[in-house]
Amino acid sequence: MSKLKMILLMGFVCVFGIKLQAQYIIEQIAYEIPINYELVPADKEFEDAADEARFFLQLPESKLKDAAQKEYGDIEIIKSTIYIDGDNFAVESLSKEDGRTTVILNHNKGLIYYVLWSQKKIYEMSAEDMAEIQKGAGAAMQKMMAHLPPEMQEQAKMEEGQPQTAKQITATGREMVKYGQRCSEYLLEDEQELLVIWAADDSMGLAKKAKSMSEKMAEIFPSMDEEEQDEWDFVAGKIPVEVRTFRLDAMDGAQMEIQAITRINQVNPPVEKFILPAEAVGFERSSFKDMMTQMQQMMQGMEED
């Protein structure tokens with residue numbers, strides 16, 4: 001599973017697990033654009049990371065995509081649909097690597113299910129699994145850092161040790177129609193990343209319900225309760241229709257991450273979206289921890305090769 005897909009999987013649980021009395025179907029896209037520095041004029045010098053981020057964020061998305069595809073190949077756009085019915089929700093995604101996948105929250109049982117349709121596998125995740133996965137991810141990150149050059153290790157340690165400060169968001173005054181919704185632009189800067197958020201007025205109650213469901217999820221999965229704010233917090237009372245994030249990473253280089261809500265329908269989602277496929281039709285069940293163990297073994301095998 002790629003880094004972006006893992007972010008999406010966790011992000012859907014944290015951000016779109018919205019407690020709603022009505023039913024909703026939300027369509028979303030997400031993708032990464034690796035930065036091609038051939039776009040930078042020869043005489044251009046950046047004052048700092050924020051100046052560099054502002055330069056790339058003001059470029060047309062088509063130009064960024066064309067340059068990235070020329071250097072790195074095709075860009076995969078991951079399409080997802082979120083089905084919400086009361087306290088339960090399902091997220092169905094489609095990608096080249098995994099094909100069709102579904103994440104289902106069973107609120108009553110306090111469990112999350114991850115369905116890999118092409119492999120006919122169902123992975124079950126509990127609060128204990130989540131805590132252990134996060135612990136393992138931290139250990140894996142430390143192992144990766146140990147293989148970095150000393151200067152990169154020092155930079156990563158400095159970034160990790162810096163105290164978190166309250167992020168300030170600024171309304172730019174610009175307006176634009178994004179995916180059929182009239183949006184206002186907001187800009188957020190810190191030393192690690194720069195965000196541009198296009199947000200629309202909330203006429204369906206989504207933003208008002210986001211906080212209550214986040215608290216509900218934190219009760220079920222305490223290890224997911226983070227103090228960091230997200231785009232819903234930054235544009236409180238509005239819907240973050242599109243979020244563009246420019247991030248400089250010591251290991252992955254410069255990336256532009258784009259996530260957009262392309263459609264929101266206030267309709268009753270199909271009941272079958274919340275039903276797990278049966279073992280009788282060939283699906284196997286195991287824990288999410290087992291899947292992570294298999295991924296780690298696969299990665300270790302690749303390193304040895």
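On a predicted model such as this, the values are computed, not experimentally measured, just so you know.
Two different hydrophobic clusters hold Y72 and I33 under the rule that ILVMFWY side chains link at heavy-atom gaps under 4.5 Å. Linking Ile, Leu, Val, Met, Phe, Trp and Tyr residues whenever their side-chain heavy atoms come within less than 4.5 Å leaves I264 and V177 in two separate clusters. A continuous path of hydrophobic side-chain contacts links F46 to L194 [ILVMFWY only; heavy atoms under 4.5 Å]. L94 and I104 fall into different hydrophobic clusters, where Ile, Leu, Val, Met, Phe, Trp and Tyr side chains are chained together by heavy-atom contacts under 4.5 Å. Taken together through direct or relayed side-chain contacts under 4.5 Å among Ile, Leu, Val, Met, Phe, Trp and Tyr, V196 and M176 form part of one hydrophobic cluster.
Residue I261 comes nearest to P240 through the heavy atom pair CD1-O, 3.7 Å, listed as atom of the first residue, atom of the second, then distance. Of all heavy-atom pairs spanning E76 and E97, the tightest one is OE2-N, 4.3 Å.
D51 places no side-chain N or O within donor-acceptor distance of the main-chain N or O of D48, the cut-off being under 3.5 Å. A donor-acceptor pair is defined here as one N or O able to donate and one able to accept, closer than 3.5 Å; no such pair exists between the side chain of N265 and the backbone of V267. Formation of a donor-acceptor pair under 3.5 Å by the Q255 side chain with backbone atoms of I35 is not found in this model. Between the side chain of N36 and the main chain of A68, no donor-acceptor pair closer than 3.5 Å is present. Here the side chain of T172 pairs a donor or acceptor atom with the backbone of R174 at under 3.5 angstrom.
For the atom pair CZ (F274) and CG (L105), the distance works out to 9.5 Å, reported to the nearest 0.5 Å. Between T81 atom OG1 and Y83 atom OH the span is 4.5 Å, to the nearest 0.5 Å. Interatomic distance, Q69 CD to L64 CG, rounded to the nearest 0.5 Å: 11.0 Å. Taking CZ of F89 as the start and CD1 of I25 as the end, the distance is 15.0 Å to the nearest 0.5 Å. The OG1 atom of T245 lies 6.0 Å from the CD atom of E257; values are rounded to the nearest 0.5 Å. To the nearest 0.5 Å, atoms CD (Q259) and CD (E32) are separated by 11.0 Å.
Heavy atoms from other residues, nucleotides or ligands lying under 6.0 Å from CD of E45 number 12 at most. Counted within 6.0 Å of CZ on R100, heavy atoms from surrounding residues, nucleotides or ligands total more than 12; the atom is thus considered enclosed. For NZ of K44, the number of neighbouring non-hydrogen atoms (other residues, nucleotides, ligands) closer than 6.0 Å is greater than 12. Environment of CD in E47: sparse, with no more than 12 heavy atoms of neighbouring residues, nucleotides or ligands closer than 6.0 Å.
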Please determine whether side-chain contact (heavy atoms from CB on, under 4.5 Å) holds for the pair E175 and C183, giving the CA-CA distance in whole Å, both sets of side-chain angles, and the decisive distance to 0.1 Å.
CA-CA 6 Å; E175 294 187 352; C183 299; over 6 Å; no
Start with the C-alpha distance between L59 and L39, add both sets of side-chain angles, then the distance that settles side-chain contact (heavy atoms from CB on, under 4.5 Å), and finish with yes or no.
CA-CA 9 Å; L59 293 177; L39 293 170; 4.0 Å; yes
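Proximity of K65 to I75: side-chain heavy atoms (C-beta onward) are separated by under 4.5 Å at one or more points. Residues D201 and K238 meet the side-chain proximity criterion, which asks for heavy atoms closer than 4.5 Å. The shortest side-chain heavy-atom distance between R244 and E61 falls under the 4.5 Å cut-off. You'll find the side chain of L188 stays beyond 4.5 Å of the side chain of I197, heavy atoms only. For the pair I122 and P277, the minimum side-chain heavy-atom distance is below 4.5 Å. Y31 places a side-chain heavy atom less than 4.5 Å from the side chain of I29. L206 is listed as a side-chain neighbour of Y24, based on a closest heavy-atom distance under 4.5 Å. Taking 4.5 Å as the limit, every side-chain heavy atom of Q28 sits out of range of all side-chain heavy atoms of R263.
The pair K79-E27 does not meet the salt-bridge criterion, since no charged nitrogen lies less than 4.0 angstrom from a carboxylate oxygen. Under 4.0 Å is where a charged nitrogen must lie from a carboxylate oxygen, and between K121 and E284 no such pair does. Comment: K273 engages E92 in a salt bridge, judged by a side-chain N to carboxylate O separation of less than 4.0 angstrom.
Y113 has its ring centre no less than 6.0 Å from the ring centre of Y123.
Using modelled atom types, one finds no donor on one side chain facing an acceptor on the other under 3.5 Å when comparing S184 with W198. If you check the side chains of Y37 and E52, you find a donor sitting under 3.5 Å from an acceptor.
T101 pairs in a side-chain contact (heavy atoms from CB on, under 4.5 Å) with only one of the listed residues (V91, L116, I78), which is L116.
Cluster note: I275 groups with V271 through ILVMFWY side-chain heavy atoms spaced under 4.5 Å, whether in direct contact or through intervening members.
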